[in-house]
Amino acid sequence: IKRERKYFMPIETIEYKGDVYLSLQATGNAARWCRQFALEICKGAGLDVGCMKPEWALPHALPIDISFNDPWEAMNLPNPPHGFAEKWDFIHSSHCLEHTPNYVEVLEYWKTKIKDGGVIFLYLPHYAQKYWRVSANRKHIHSFTPKIIRNVLKELGYKNVHVTKGFDLNHSFCAIAEK
């Protein structure tokens, strides 16, 4: 019996300097690839810093981005609304930190905005993807590996630091830590 495939959808790819990547990496909204995991970690009242579009923010987070918050910068985050705790339960950030001029200062500042026991959740492009390197993507001013971020978070005093090994199909990795 010969069966015919009714639905054929090729895997869409892009090529950069001889390497082939899934085209999903060029469509924005990278956070969708870690969202389910982020929802398990990011509980309570928090921020989604650098989400680019409000509809791309973590569902229960306050979206913060230069594209719609004027003025905005990574070192000028709002306090929780009146009636909430003085600090946020979490800060979620996807594919944003590589654009900030001094990411170490940013991570240090973000720590001041999270309450004790609060969480930082980072989803970052991995250095293994050639197009996301500083030399190729001029919007990026930093390149990351899990080891680099783990070390920086620990040196800044974050606790219970966990970083995924390697990278996912989006050539990205997660790093989570507690204040």
Side-chain angles (χ1 to χ4, degrees), residues 22-100 103-126 129 132 137 139-140 142 144-146 148-150 152-153 156 158-179:
L22 295 174
S23 63
L24 59 89
Q25 295 178 21
T27 59
N29 193 15
R32 72 186 183 270
W33 308 114
C34 71
R35 180 157 289 132
Q36 200 59 41
F37 185 47
L39 289 171
E40 293 291 326
I41 304 295
C42 299
K43 306 285 187 183
L47 302 172
D48 189 330
V49 181
C51 56
M52 189 178 239
K53 296 180 180 181
E55 61 270 22
W56 289 357
L58 201 60
H60 61 288
L62 177 65
I64 304 291
D65 196 276
I66 196 168
S67 67
F68 54 86
N69 294 116
D70 184 32
W72 174 88
E73 59 181 78
M75 298 287 284
N76 186 23
L77 298 179
N79 291 320
H82 182 68
F84 281 81
E86 291 182 24
K87 297 188 178 194
W88 296 102
D89 295 308
F90 69 87
I91 291 179
H92 172 272
S93 183
S94 169
H95 284 245
C96 173
L97 208 56
E98 66 276 11
H99 300 275
T100 62
Y103 77 91
V104 175
E105 282 183 20
V106 168
L107 290 171
E108 195 169 40
Y109 169 72
W110 288 358
K111 188 177 172 191
T112 70
K113 302 302 267 183
I114 303 170
K115 69 182 183 182
D116 288 341
V119 173
I120 187 163
F121 186 108
L122 305 171
Y123 187 58
L124 300 165
H126 195 288
Q129 211 274 31
W132 283 341
N137 187 330
K139 293 186 234 173
H140 291 184
H142 303 288
F144 299 111
T145 64
I148 290 169
I149 290 299
R150 178 187 302 107
V152 169
L153 290 171
L156 292 175
Y158 283 92
K159 301 178 284 188
N160 207 5
V161 177
H162 297 274
V163 181
T164 54
K165 294 180 181 178
F167 50 85
D168 60 15
L169 287 174
N170 192 40
H171 276 85
S172 300
F173 66 96
C174 296
I176 59 174
E178 293 178 17
K179 176 180 175 186

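Throughout, numbering of the chain's residues begins at 1 and tracks the sequence. Worth knowing before you read on, the calculation uses all heavy atoms, side chains too, and leaves out hydrogens, waters and symmetry mates.
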Of all residues at least two apart in sequence or in a different chain, which pass the side-chain contact (heavy atoms from CB on, under 4.5 Å) check with A61?
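Here the qualifying residues are D48, L58, F90.
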Under the rule for side-chain contact (heavy atoms from CB on, under 4.5 Å), what residues qualify as partners of K43, not counting sequence neighbours?
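K43 satisfies side-chain contact (heavy atoms from CB on, under 4.5 Å) with no residue once adjacent residues are dropped.
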Check: [X] side chain, [Y] main-chain N or O, donor-acceptor pair, under 3.5 Å:
X	Y	answer
Y109	L77	yes
Y158	L107	yes
H140	E98	no
D65	M52	yes
S93	V49	yes
K179	T112	no

Could you work out, with salt bridge (Lys or Arg N to Asp or Glu O under 4.0 Å) as the rule, every residue matching K115, not counting sequence neighbours?
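D89.
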Could you grab the distance from atom [atom1] of [X] to atom [atom2] of [Y], nearest 0.5 Å is fine?
X	Y	atom1	atom2	result
L124	S94	CG	OG	8.0 Å
I176	I149	CD1	CD1	14.0 Å
I120	L47	CD1	CG	10.5 Å
F37	F121	CZ	CZ	5.5 Å
C42	H60	SG	NE2	6.0 Å
K111	K87	NZ	NZ	10.0 Å

If you count heavy atoms of other groups shown closer than 6.0 angstrom to CD of Q36, is the number above 12?
no
Could you go through the side chain to side chain contact (heavy atoms under 4.5 Å, CB included) check for H171 and W132 one step at a time?
CA-CA 9 Å; H171 276 85; W132 283 341; 3.9 Å; yes
Set of side-chain hydrogen bond (donor to acceptor under 3.5 Å, both in side chains) partners for [X], sequence neighbours left out:
X	result
N160	H162, E178
S172	H95, N170
H99	none

Side-chain contact test, heavy atoms from C-beta onward, threshold under 4.5 Å: evaluate it for [X] versus [Y] and give yes or no.
X	Y	answer
V163	V161	yes
C51	H92	no
L169	W33	no
D168	H126	no

Ring centroid separation Y103 to F144 under 6.0 Å:
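Yes - the distance between ring centres of Y103 and F144 falls below the 6.0 Å cut-off.
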Minimum heavy-atom distance [X]-[Y], with the two atoms named:
X	Y	answer
L62	W88	CD2-CH2, 4.1 Å
Y123	C174	CD1-SG, 3.6 Å
H142	T100	NE2-O, 2.9 Å

